[in-house]
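Below: the structure, in structure tokens.
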Amino acid sequence: MSTYRHYHDAARQQPERFWREQAEKLDWFRFPQTILAKDGNGIDRWFVDGELNLCHMALDHHIEAGRGGDTALIYDSPVTGQKARYSYLSLRNEVAKVAGMLAGLGVGKGDRVVIYMPMIPEAAMAMLACARLGAVHSVVFGGFAAHELAVRIEDAEPRVLLTASCGIEVNKVIPYKPLVDKAVMDSRWKPEQVVVLQRPQCEAVLAEERDLDWQALLARAEPHPCVPVPATDPLYILYTSGTTGKPKGVVRDTGGYAVALHFSMAAVFDLKPGEVMFTASDVGWVVGHSYIVYGPLIRGCTSILYEGKPVKTPDPGAFWRLCDEYGVSVLFSAPTAFRAIKKEDPAGEGVRRYPMARLRHIYMAGERLDPPTLEWVMTHTGRPVTDNWWQTETGWPIAANPIGLEPHAIKPGSATLPVPGFNVEVLDEAGQPVPANTQGFIALREPLPPGCLTTIWRNHDRYRAGYLSTFPGYYVSGDGGYLDEDGYLFVMGRVDDVINVAGHRLSTGEMEEVLAGHPAVAECAVVGVQDELKGQQPLGLVVLKDGVNTPPGQIVEELIALVRERIGPLACFKTALVVGRLPKTRSGKILRRIIRQMADGEPWALPSTIEDPASLEDIARVLQERG
Ligand code: COA
Ligand code: AMP
């Protein structure tokens with residue numbers, strides 16, 4: 001039997017035994033006796049009576065094993081011209097002080113801390129410091145607007161908010177403090193303290209009573225030891241887009257996550273302690289949580305924290321430069337990043353400038369990996385590219401090429417095989433498995449492996465209703481696709497109103513709520529249309545209220561500004577069209593799929609349930625005028 005098959009079958013047939021063996025590889029404070037049990041909500045929970053501290057596993061453990069001098073973190077920031085290296089020892093010492101700083105502000109086990117920071121080492125230190133204390137962090141991506149931050153503050157109810165004075169984008173400095181002030185003002189929940197790390201590019205004014213200066217506090221802080229926590233305690237809440245305007249707080253446990261990440265670092269990413277992983281993402285996303293911060297450190301690898309873009313900082317050779325300079329073994333980013341590189345350097349000249357002697361594999365996730373991008377990267381780098389499909393909810397890859405167990409042939413368009421632990425099935429509308437090569441709903445048969453979400457923060461009903469109720473015994477992923485005759489998984493896209501813009505998951509429902517809030521808008525629909533660079537871009541169609549005299553062009557500008565202000569620049573909402581009416585079924589459901597097909601120039605069929613076929617002509621005309 002193949003190694004992969006052996007692992008896959010073992011995890012499926014004897015999950016407790018399989019995951020106990022994986023857990024034995026880690027340094028627990030109390031090793032779990034009960035490997036899998038249901039909690040009060042009927043959810044499968046892993047390692048329930050185990051006790052650990054993730055910061056200990058990520059830092060202190062390696063120091064105790066004599067590897068304190070190894071490099072844990074490399075900070076490379078072309079936008080500021082800074083570079084820094086932290087050994088396991090120096091990173092642990094910094095993190096222990098940040099933990100001491102937080103403890104001094106009253107933060108303890110179970111307290112929430114919101115982290116709204118750019119890609120600087122202190123962001124990772126803040127996360128690890130929370131883990132050290134048993135506090136629950138919730139990192140909010142810097143590209144979100146004040147309103148989105150406010151929604152998250154209100155839901156997570158943090159005792160403390162950690163931020164920096166600014167983020168730095170290509171040729172532009174973005175002051176964070178005004179956004180934080182507005183978010184705190186708009187939120188019904190107020191953090192007791194806002195701690196600001198001052199950056200020289202733009203110092204913040206600390207005028208509010210709750211404002212504190214990071215450096216001043218840190219100078220007085222005592223290093224804090226690791227606090228043992230039960231394996232089932234939450235490590236973090238990470239908000240992600242659902243189909244409504246309210247983001248979902250995905251709750252990650254501590255013990256299961258540690259075991260799953262450690263397993264994936266070897267089985268999927270094929271990385272050994274001491275090797276270098278460069279994950280070009282952001283700590284605000286799940287990829288950043290799992291493979292910039294926790295995964296590489298738990299495995300004893302070196303992780304690169306990159307404050308820059310794939311292009312323009314300063315050129316499309318940036319990723320290759322880092323791979324070469326730091327001896328990177330694994331590079332991991334989103335397809336959109338490579339499309340941006342390809343667009344600016346189609347001949348791959350930047351790649352040829354750097355030998356990248358240690359680079360073995362390139363991994364991509366976050367959105368569908370289109371075959372032309374796969375081919376371009378493989379041709380120009382000469383390295384195999386591994387697509388991997390997963391979600392904020394699962395925390396680690398559901399499907400991937402299991403390189404560390406046994407490399408498999410690449411099939412363009414496929415995320416390759418289910419990772420051991422994930423029981424992937426494709427179901428029809430009645431919840432029955434479909435034959436090979438037939439599209440359906442991609443579902444995971446329970447139990448989910450360690451590391452996956454355990455609930456939605458303070459809204460367990462939403463977890464049950466959104467993921468577990470559709471097909472009893474299964475978790476539904478929200479993605480559609482098929483398994484081929486070799487068991488390869490092809491993920492074709494979302495089956496709900498979630499879209500993916502430059503690897504960022506966004507809710508069209510949320511954008512519709514913003515548009516509908518404009519006084520001139522009677523009704524609206526937002527769909528994701530194909531985009532060469534970003535995969536998808538949102539397109540809004542709006543129907544104006546009768547009697548509105550404002551010119552449509554002005555309303556469109558206001559709508560674009562509104563989405564940017566409410567959700568943030570990352571939504572990339574740049575196109576809204578005014579139409580006479582929206583296509584609907586007789587029961588009033590807006591036919592978003594047809595709008596999307598029309599906008600993408602795909603063939604579409606007139607549904608028998610349409611109320612007013614002429615509404616489509618109107619849309620076709622507006623789309624044509626727009627080109
Ligand atoms: N803080 C503040 N603003 C941010 C931000 C942050 N952390 N990240 C992005 N933005 C802003 C950008 O400045 C831009 O603003 P603009 O409209 O004023 O120009 C807007 O949000 C859109 O940003 P982005 O989607 O990044 O577009 P881009 O054209 O600047 O760059 C890519 C395009 C492809 C280079 C970029 O999207 C990229 O690097 N993608 C990788 C995706 C990724 O890492 N995904 C994580 C999942 S693995
Ligand atoms: P996020 O929770 O932000 O990581 O987004 C998860 C969603 O992104 C998934 O449900 C998919 O729709 C999409 N996605 C992520 N990785 C892939 C991939 N490798 N192939 C296709 N879609 C992907």
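Just follow the structure's listing: the first ligand is 1, and inside any ligand the first atom is 1. For the single chain, residues carry numbers from 1 onward in sequence order. Quick caveat, the model's predicted, so the values are computed rather than measured.
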Checklist entry - Quick one: which of Gln391, Glu367, His504, Arg494 has a heavy atom closest to atom 17 (C) of ligand 2? => result Glu367
Checklist entry - In the protein, which heavy atom is nearest to atom 28 (P) of ligand 1, and how far is it? => result Lys534 NZ, 3.9 Å
Checklist entry - Nearest to atom 26 (O) of ligand 1, what protein heavy atom do you find, and at what distance? => result Lys309 NZ, 3.2 Å
With a cut-off of 3.5 Å and sequence neighbours excluded, list every side-chain donor-acceptor pair involving residues 196-205.
from   : atom 1 : to     : atom 2 : distance (Å)
Gln198 : OE1    : Ala204 : N      : 2.7
Gln198 : NE2    : Ala204 : O      : 3.0
Arg199 : NH1    : Cys166 : O      : 3.3
Arg199 : NH1    : Glu307 : OE2    : 3.0
Arg199 : NH2    : Glu307 : OE1    : 3.0
Arg199 : NH2    : Glu307 : OE2    : 3.1

Item to check | Top protein contact for atom 21 (O) of ligand 1, by heavy-atom distance | outcome: Pro569 CB, 3.3 Å
Checklist entry - So Lys342 and Glu532, salt bridge (Lys or Arg N to Asp or Glu O under 4.0 Å) or not? Walk me through it. => result CA-CA 11 Å; Lys342 176 178 143 196; Glu532 218 177 292; over 6 Å; no
Next on the checklist: For atom 37 (O) of ligand 1, what is the closest protein heavy atom, and at what distance to 0.1 Å?
Outcome noted: Ala502 CB, 3.5 Å
Item to check | Residue pair Phe144, Tyr239: steps toward the side chain to side chain contact (heavy atoms under 4.5 Å, CB included) verdict | outcome: CA-CA 11 Å; Phe144 278 120; Tyr239 289 87; over 6 Å; no
Item to check | Nearest-contact summary for atom 19 (O) of ligand 1 - protein heavy atom, Å | outcome: Lys172 NZ, 3.6 Å
Checklist outcome for this item: If we number the atoms of ligand 2 from 1 as shown, the ones under 4.0 Å from a heavy atom of Asp387 are 18 (C), 19 (N)
Item to check | Backbone N/O of Asp479 and side chain of Ser477: donor-acceptor pair under 3.5 Å | outcome: yes
Checklist entry - Judging by distance only, is a nitrogen or oxygen of Arg564 under 3.5 angstrom from one on ligand 1? => result yes
Item to check | Closest to atom 2 (O) of ligand 2 among Asn388, Leu238, Thr392 (heavy-atom distance) | outcome: Thr392
Item to check | Polar proximity ligand 2 side, Ala365 side, N/O cut 3.5 Å exclusive | outcome: no
Checklist entry - Who pairs with Phe278 by ring pair (Phe, Tyr, Trp, His ring centres under 6.0 Å), at least two apart in sequence or on another chain? => result Tyr306, Phe319
Item to check | Pro118 contact mode with ligand 1 (heavy-atom cut-off under 4.0 Å) | outcome: neither
Next on the checklist: Nearest non-hydrogen contact with atom 7 (N) of ligand 1 belongs to which option: Tyr116, Phe338, Phe141?
Outcome noted: Phe141
Checklist outcome for this item: Note: Trp285, heavy atoms under 4.0 Å from ligand 2, region reported as neither
Item to check | Heavy atom of the protein closest to atom 3 (N) of ligand 1 (residue, atom name, distance) | outcome: Ile174 CD1, 3.5 Å
Next on the checklist: Please find the pair of heavy atoms, one from Val529 and one from Ala599, that lie closest to each other, and give the distance.
Outcome noted: CG1-CB, 3.4 Å
